[in-house]
Amino acid sequence: MTDAVKPRLFRGLRDQLPEPMAARQWLIDTIRGVYELYGFVPLATPAIEYLDVLSGSAGTEAQDSIFTVKNPDVRPGDPEEPLGLRFDLTVPLARVISQYRDLPRPFRRYQVSSVWRRDKPGPGRFREFTQFDIDSVGVASEVADVEIIAAMCDTLTALNVGPYRVRFSSRRILSLLLKYAAIPEQIEVVERVRTGSGTFSEEKANRPADDVFRVLDKLERVGLEKLRLELTSGYTDKSGDFICGLGLGDDQVAKIENFLDIHSDSRSEVLDRLRDTFGGVEGADEEIDILAGMSRQLAGLGYNDDRVAIDLSVARGLAYYTGPVFEAVLLDAPKFGSVFGGGRYDNLVMRFLGEPMPATGASIGVDRLLAALLEIGKISARRATAQVLVTVMDKAMIDEYLGITFELRRAGVPAELFLGKKGIGKQLKYADAQGIPIVLMVGGDEKEKGTVTLKDLRKGRVMSAEIQARETWIRERPGQIEVPRGELLAAVRSMLAEAEERPAG
RNA sequence: GCCGGCGUAGCUCAGUUGGCUAGAGCGCCUGACUGUGGAUCAGGAGGUCACAGGUUCGAGCCCUGUCGUCGGUACCA
């Protein structure tokens, strides 16, 4: 043999093997069902886009995580037209909106697709992952945001994820916080730049005030102590890395803490306290009224405090959000963080269109949500799609086995004909290992009697615990029945009905 | 990106201060039991010790680099 190619995958990529795929497809189908119930229409766009279409929405730092693609058409002397893989579904949507002017407005679409980011992979974080997005483009009214929040709730309910909480706030409330705390648009910070092993040089730099939001977003993860340090002097973390502080003054930090102190399970209480705190701030009443209106509409539809909260620490990556922002967490799987999030982005489409175009939407991290549901046992992986394995007992009877298999399939019962070369014992073992619940056996005996033998492997699995001796095991033939050939379908159906399958499979 | 830990069978891991032919459990395969999945018993296959270089009489073990992986941190449109 010559050198075989080593089978391997590029870092951060993974295969999706059959077991989790079944659960994944159920997840996606269920989400799609909810979105179509809301009247959203499907859209697909290519994985590859021109790099200038992808980048720019979030500045140069965004480019660092885009996978670039070599343009095969570029010729010597021609201007380069670099390409990249999409990193989200929102930017392609903005392009589509701008490119197809005759699309209905408002345009309400859903899209489930892979996206790619060149970030460092981590647990539950891959370089290729699937997002499921829902967006309303062309609606300035907050009713569109209310609808998105409601759809998030209905989706999570349909997925049977257990208790969850959708939290929302508004980017404009956070802008008011900057006024309230008297934080200027540019913050001067001292960055520490590594110049060698263990040595640093200090450099002054300007950071936009939005950096404050980025820090606030970490509250839940790092706690108030570290948050305070990061707002002021900075600190050195466990690994010895220096975290740059924003150099805010005590008064400013105190006011931010006042703001963060406003939290309650009651939306109206949060709004009341916010009104008090932002008392003299210009424009505050108007923004708070908007949140109050959303809250009232949600309550009117039955989305109450038990699952939708106003949480002022929700900031999200604020690069293009302009209004309400929202995210959902599973209360049984808090460590997975936000599994579903979004917000209003009224300026994004303008980049392509040149004129304002309001838009709002949310995105599900399908992989993260799936991982969370598998971990808390709210969804189970199924190995087989077949419900019946038709075994091959006598090779001479293969035509009959084929016939039975197709009879089952044509009656809507997923069935597999065993195509390997193994004895009956091995075939049963195969069915058991694959999670196929029913085995069908027809040999010389059955043929003579005009019957078929059906075996429910799930019953045997239960009885296995009490049977010790192999003789007994074989003699008892747990879960096995013999029925007339003509009653095959009816018998299979009643056997399948006996143990009801969970929807997730 | 930065800091640190770890790479030994399909999986989880042992492997002494560097010393004979690299081990275990699980899984897999075969058989007992050729018409019965579990359990039990017996046997078997499977390793370039991540890769490359170096030190040494001798390296899974020590050194350097690369790759991978895990954790922290940054970023997350």
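Quick note on labels: first sequence line is chain A, next is B, and so on, each numbered from 1.
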Q. Which letters describe nucleotides 37-42 of chain B, given B = protein heavy atom under 4.0 Å from base, S = only from sugar-phosphate, - = neither?
A. BBB---
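- Annotation: B:U17 and B:G58 have their C1' atoms spaced 15 Å apart (nearest Å).
- Rounded to an integer number of Å, the gap from A:E482 CD to B:U36 P is 15 Å.
- Nearest to the side chain of A:M393, among B:G71, B:U36, B:G35, sits B:G35.
- For A:D346 and A:R171, the salt-bridge test fails: no basic side-chain N is under 4.0 Å from an acidic carboxylate O.
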**Q.** For RNA chain B, the dot-bracket pattern of Watson-Crick and G-U pairs whose distances stay under 3.5 Å, | for other-strand partners
**A.** (((((((..((((.....[...)))).(((((.......))))).....(((((..]....))))))))))))....
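- Closest approach to the A:K120 side chain among B:C76, B:G72, B:C29 is made by B:G72 (side chain taken as heavy atoms from C-beta onward).
- With respect to the salt-bridge test (charged N to carboxylate O, under 4.0 angstrom), the residues A:R214 and A:D211 qualify.
- Proximity of the aromatic rings of A:F132 and A:Y35 is defined here by a centroid distance below 6.0 angstrom, and this criterion is met.
- Here, B:C13 and B:G60 have their C1' atoms 14 Å apart, quoted to the whole Å.
- Ionic pairing of A:R477 and A:E482 is not present here: no N-O contact between side-chain nitrogen and carboxylate oxygen is shorter than 4.0 angstrom.
- Distance check: A:L85 CG to A:R117 CZ gives 12.5 Å after rounding to the nearest 0.5 Å.
- Using bins of under 30°, 30° to 60° and over 60° for the plane-to-plane angle, the ring pair A:F418/A:Y430 lands in the perpendicular bin.
- In terms of polar N and O atoms assigned as donor or acceptor, the side chain of A:Q427 never comes within less than 3.5 Å of the base of B:U36 in a complementary pairing.
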